[in-house]
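Written below as structure tokens is the structure these notes are about.
Because only heavy atoms are used, hydrogens play no part in the values below, and waters and symmetry mates are left out as well, while side chains stay in.
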Amino acid sequence: MTVREVALDEAKATYGSAQRSFETIGALWSMYLRNRELSLSKEGADLSSYDVSYMMSLFKVARLMNGYHEDSNRDMIGYAALAAEMAEIK
């Protein structure tokens, strides 16, 4: 078995089908971006560091929809902490 196969098998066992997971992530991100449309519709508008933090949290939510994973919860806490830290710096 190759390193790639081992990694993919382990991820599938932990998080489920990559296809389904990515479809869920895409749906969550699309919903987020649709709701951000007004503020991003200005020419030259980019996603903010907060947007990235929230979207990464949604990535973890998608993984948690396949079952509980301690690391996904920890990562979500980390993304929220980084968003709070960035707000203080700004």
Side-chain angles (χ1 to χ4, degrees):
M1 206 173 219
T2 67
V3 171
R4 178 186 169 275
E5 290 170 328
V6 171
L8 292 176
D9 286 350
E10 184 178 309
K12 185 175 184 177
T14 303
Y15 302 115
S17 159
Q19 176 80 28
R20 183 169 181 218
S21 180
F22 281 35
E23 287 170 355
T24 302
I25 293 163
L28 291 170
W29 283 4
S30 293
M31 176 201 60
Y32 180 86
L33 291 171
R34 273 194 305 275
N35 285 290
R36 288 285 287 135
E37 182 179 0
L38 289 176
S39 57
L40 293 176
S41 62
K42 299 174 192 155
E43 191 168 324
D46 291 323
L47 291 172
S48 72
S49 55
Y50 305 107
D51 290 315
V52 173
S53 173
Y54 302 142
M55 290 175 73
M56 291 305 295
S57 293
L58 289 172
F59 173 83
K60 295 303 178 170
V61 166
R63 284 190 157 182
L64 286 165
M65 290 172 74
N66 253 350
Y68 179 78
H69 309 288
E70 181 65 32
D71 66 316
S72 291
N73 279 329
R74 248 186 263 118
D75 290 345
M76 282 187 359
I77 291 166
Y79 292 130
L82 288 170
E85 186 176 287
M86 288 181 276
E88 289 174 7
I89 293 170
K90 204 171 188 179

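Between the CG atom of Leu47 and the OH atom of Tyr32 there is a distance of 7.5 Å, given to the nearest 0.5 Å. We find the OG1-CZ distance between Thr14 and Arg63 to be 8.5 Å, quoted to the nearest 0.5 Å. For the atom pair CG of Asp51 and CG of Leu33, the computed distance is 7.5 Å after rounding to the nearest 0.5 Å. Atoms CG and CG, from Leu64 and Asp71 in turn, are 8.5 Å apart once rounded to the nearest 0.5 Å. Atom-to-atom distance recorded for Met65:CE and Arg20:CZ is 7.5 Å, nearest 0.5 angstrom.
Listed for the Trp29 side chain is no donor-acceptor partner under 3.5 Å among the backbone atoms of Leu58.
In summary, the side chains of Asp75 and Ser72 do not present any donor paired with an acceptor at a separation below 3.5 Å, with no hydrogens or angles considered.
Looking at heavy atoms from C-beta onward, Asn73 lies in side-chain contact with Tyr68 at the 4.5 angstrom threshold.
Hydrophobic clustering (ILVMFWY, side-chain heavy atoms < 4.5 Å, transitive): Tyr54 and Met86 are in one cluster. Linking Ile, Leu, Val, Met, Phe, Trp and Tyr residues whenever their side-chain heavy atoms come within less than 4.5 Å places Val61 and Phe59 in a single cluster. Tyr50 is connected to Leu28 through a chain of hydrophobic side-chain contacts under 4.5 Å among Ile, Leu, Val, Met, Phe, Trp and Tyr, so both are in one cluster.
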I'd like a table of donor-acceptor pairs (distance under 3.5 Å, sequence neighbours excluded) in which one partner is a side-chain atom from residues 1-10, with atom names and distances.
unit_1	atom_1	unit_2	atom_2	d
Thr2	OG1	Glu5	N	3.1
Thr2	OG1	Glu5	OE1	3.4
Glu5	OE1	Thr2	N	2.9

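Counting heavy atoms of neighbouring residues, nucleotides and ligands inside a 6.0 Å radius, atom CD of Glu70 exceeds 12 of them.
Closest of all the heavy-atom pairs between Ser53 and Ala83 is OG-CB, 3.5 Å.
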